[in-house]
Peer 1: 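I'd like to ask you about the structure that follows.
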Amino acid sequence: MSARSLLFVPGDSDRKLEKCAASGADLVIMDLEDAVAPEHKAAARARVGAWLGARPQRAAPQCWVRINPLDTPEAALDLAAVVAARPDGIVQPKTRSADDVIRLGRRLDELEAQHGIAPGSTRILPIATETPASIFTLGGYGSCGPRLYGLTWGAEDLGTAIGAAGNRDAHGAWSAPFQLARSLCLFGAHAAGVAAIDTLHADFRDQPGLRASCAEARRDGFTGKLAIHPEQVAVINECFLPSAAEVAQARRIVALFAAHPGVAALALDGRMLDLPHLRQAENTLARAQRLPPGPAP
Ligand code: COA
Ligand code: MG
């Protein structure tokens with residue numbers, strides 16, 4: 001099951017690294033890129049490597065590292081400092097296409113072999129919309145192979161790259177260029193058969209806005225969302241689980257099809273249901289398995 005909440009933590013902050021394990025996030029991303037000033041990158045690399053090495057292996061949350069863009073000298077230093085300590089995955093910023101992911105995968109092949117790590121076990125999550133050219137390659141990530149964990153998108157670097165004065169319309173919704181990036185990321189992820197992770201809600205004190213953006217993301221087919229503050233985690237985790245009403249409805253749909261073997265189109269409450277509805281109901285029940293044990297809804 002893919003992660004619902006993916007919490008960024010600046011790699012140069014001991015205090016925040018301490019807090020992230022107890023945040024409840026499904027996945028923590030220790031950042032070595034934009035949240036760390038150039039003069040602190042070396043210390044952050046060492047800290048993140050040590051921090052990863054000290055954690056109980058494969059314990060929750062998953063621990064990932066965002067490295068610097070692959071073609072910078074920092075990226076090689078980042079990988080050298082952290083891969084030996086077995087992160088669950090690497091978040092790759094500013095990817096331009098699947099080729100960048102494939103190239104990172106080759107570097108990981110070498111490092112995994114060098115450190116006796118199971119081949120392919122370090123996954124990759126590209127932030128796939130941060131450069132203007134990347135928007136035109138979002139349909140190609142299916143060629144990345146099994147290291148690819150998901151696709152996510154970012155609005156801030158893209159806006160800077162195109163000189164956008166803002167990224168929201170008068171009502172607070174994403175403006176058209178950013179909606180396009182978001183939608184293409186969503187379709188690109190599903191076309192590649194991997195998790196679709198929505199970008200972060202930057203206003204981290206705005207809980208109603210976060211909740212609305214999670215609801216829209218789930219409605220549209222995203223499976224999780226980036227976070228930047230521990231207080232965003234609980235809302236994201238809750239919003240990316242099916243509600244009790246959705247689970248109850250999914251159970252009804254599965255039961256209806258089970259009661260009519262060999263029939264592909266049925267009616268329920270005056271609405272037509274066919275096989276995509278059955279698949280969707282089964283997906284809902286699978287996602288609901290993550291619910292804490294409790295009375296059946
Ligand atoms: N992970 C873990 N702990 C965090 C955290 C995070 N991302 N963000 C805040 N905290 C901790 C703080 O250390 C603080 O704990 P303390 O009082 O014990 O020190 C507590 O949560 C409350 O923090 P708060 O005062 O509300 O926020 P802040 O002003 O300290 O930090 C940010 C605000 C935005 C700088 C911070 O949330 C942050 O660094 N986020 C991640 C940024 C990042 O990684 N960006 C890269 C991806 S875009
Ligand atoms: Mg950035």
Side-chain angles (χ1 to χ4, degrees), residues 3-38 40-41 43-45 47-48 51-52 54-55 60-72 74-75 78 82 87 89-96 100 104 124-135 150-164 166-168 174 177-178 181-182 185 197-207 209-210 213 217 224-237:
R4 298 162 296 176
S5 53
L6 301 86
L7 174 64
F8 271 108
V9 189
D12 63 349
S13 167
D14 268 333
R15 192 164 182 91
K16 289 175 187 163
L17 285 169
E18 283 301 321
K19 294 211 131 185
C20 67
S23 66
D26 290 334
L27 192 157
V28 164
I29 305 166
M30 292 173 269
D31 191 22
L32 298 177
E33 199 217 9
D34 284 348
V36 180
H40 295 143
K41 285 202 196 269
R45 241 172 238 135
R47 184 175 277 121
V48 166
W51 199 88
L52 276 168
R55 80 181 166 132
Q62 288 192 52
C63 292
W64 287 54
V65 179
R66 178 165 74 171
I67 60 168
N68 286 278
L70 194 59
D71 289 324
T72 62
E74 282 83 19
D78 296 341
V82 304
I90 301 292
V91 172
Q92 185 177 12
K94 301 179 178 67
T95 55
R96 292 159 301 188
D100 282 340
L104 173 58
I124 301 175
L125 174 63
I127 310 180
T129 67
E130 291 189 305
T131 73
S134 68
I135 303 304
L151 285 191
T152 190
W153 72 286
E156 307 300 333
D157 288 271
L158 182 61
T160 301
I162 64 174
N167 55 30
R168 302 279 183 173
W174 292 115
F178 298 90
R182 177 182 181 275
C185 172
I197 309 292
D198 191 25
T199 197
L200 52 96
H201 189 70
D203 185 354
F204 60 87
R205 305 271 184 235
D206 169 28
Q207 295 270 324
L210 173 65
S213 116
K225 188 169 176 71
L226 301 177
I228 46 163
H229 192 286
E231 281 171 17
Q232 295 185 313
V233 168
V235 171
I236 295 175
N237 283 349

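Both counts, for ligands and for their atoms, begin at 1 and track the order of listing.
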Peer 1: Hey, are the side chains of I67 and L104 touching, using non-hydrogen atoms and a 4.5 Å cut-off?
Peer 2: yes
Peer 1: Check for a donor-acceptor pair, side chain of S5 on one end and backbone N or O of D26 on the other, with a separation under 3.5 Å.
Peer 2: yes
Peer 1: What I want to find out is whether R168 reaches D203 closely enough, with some N-O distance under 4.0 Å, to be called a salt bridge.
Peer 2: no
Peer 1: Find out whether N68 and E33 are in side-chain contact, i.e. whether some heavy atom of one side chain is under 4.5 Å from a heavy atom of the other.
Peer 2: yes
Peer 1: Extract all donor-acceptor atom pairs below 3.5 Å that involve side chains of residues 150-157 and protein atoms in other chains or at least two apart in sequence.
Peer 2:
| residue | atom | partner | partner atom | Å |
| --- | --- | --- | --- | --- |
| T152 | OG1 | I197 | O | 2.7 |
| W153 | NE1 | D198 | OD1 | 2.9 |
| D157 | OD1 | K94 | NZ | 3.2 |

Peer 1: I'd like the residue list for ligand 1, meaning every protein residue with a non-hydrogen atom under 4.0 Å from the ligand.
Peer 2: L7, F8, V9, P10, R15, K16, K19, D31, A35, R66, L200, F204, R205, I228, H229, P230
Peer 1: Give the table of side-chain donor-acceptor pairs shorter than 3.5 Å for residues 14-21, with sequence neighbours excluded, one pair per line with atom names and distance.
Peer 2:
| residue | atom | partner | partner atom | Å |
| --- | --- | --- | --- | --- |
| D14 | OD1 | R47 | NE | 2.9 |
| D14 | OD2 | R47 | NE | 3.3 |

Peer 1: Sort by chain and number the protein N/O/S atoms that are closer than 2.8 Å to the Mg ion (ligand 2), and list them.
Peer 2: D34 OD2, D157 OD2
Peer 1: Any donor and acceptor pair, going by atom type alone, linking the side chain of Q207 with main-chain N or O of E231 inside 3.5 Å?
Peer 2: yes
Peer 1: Between S134 and A128 (side chain of the first, backbone of the second, donor and acceptor by atom type, cut-off under 3.5 Å), is there such a pair?
Peer 2: yes
Peer 1: Quick one: does P10's side chain get under 4.5 Å of H40's, heavy atoms only?
Peer 2: no
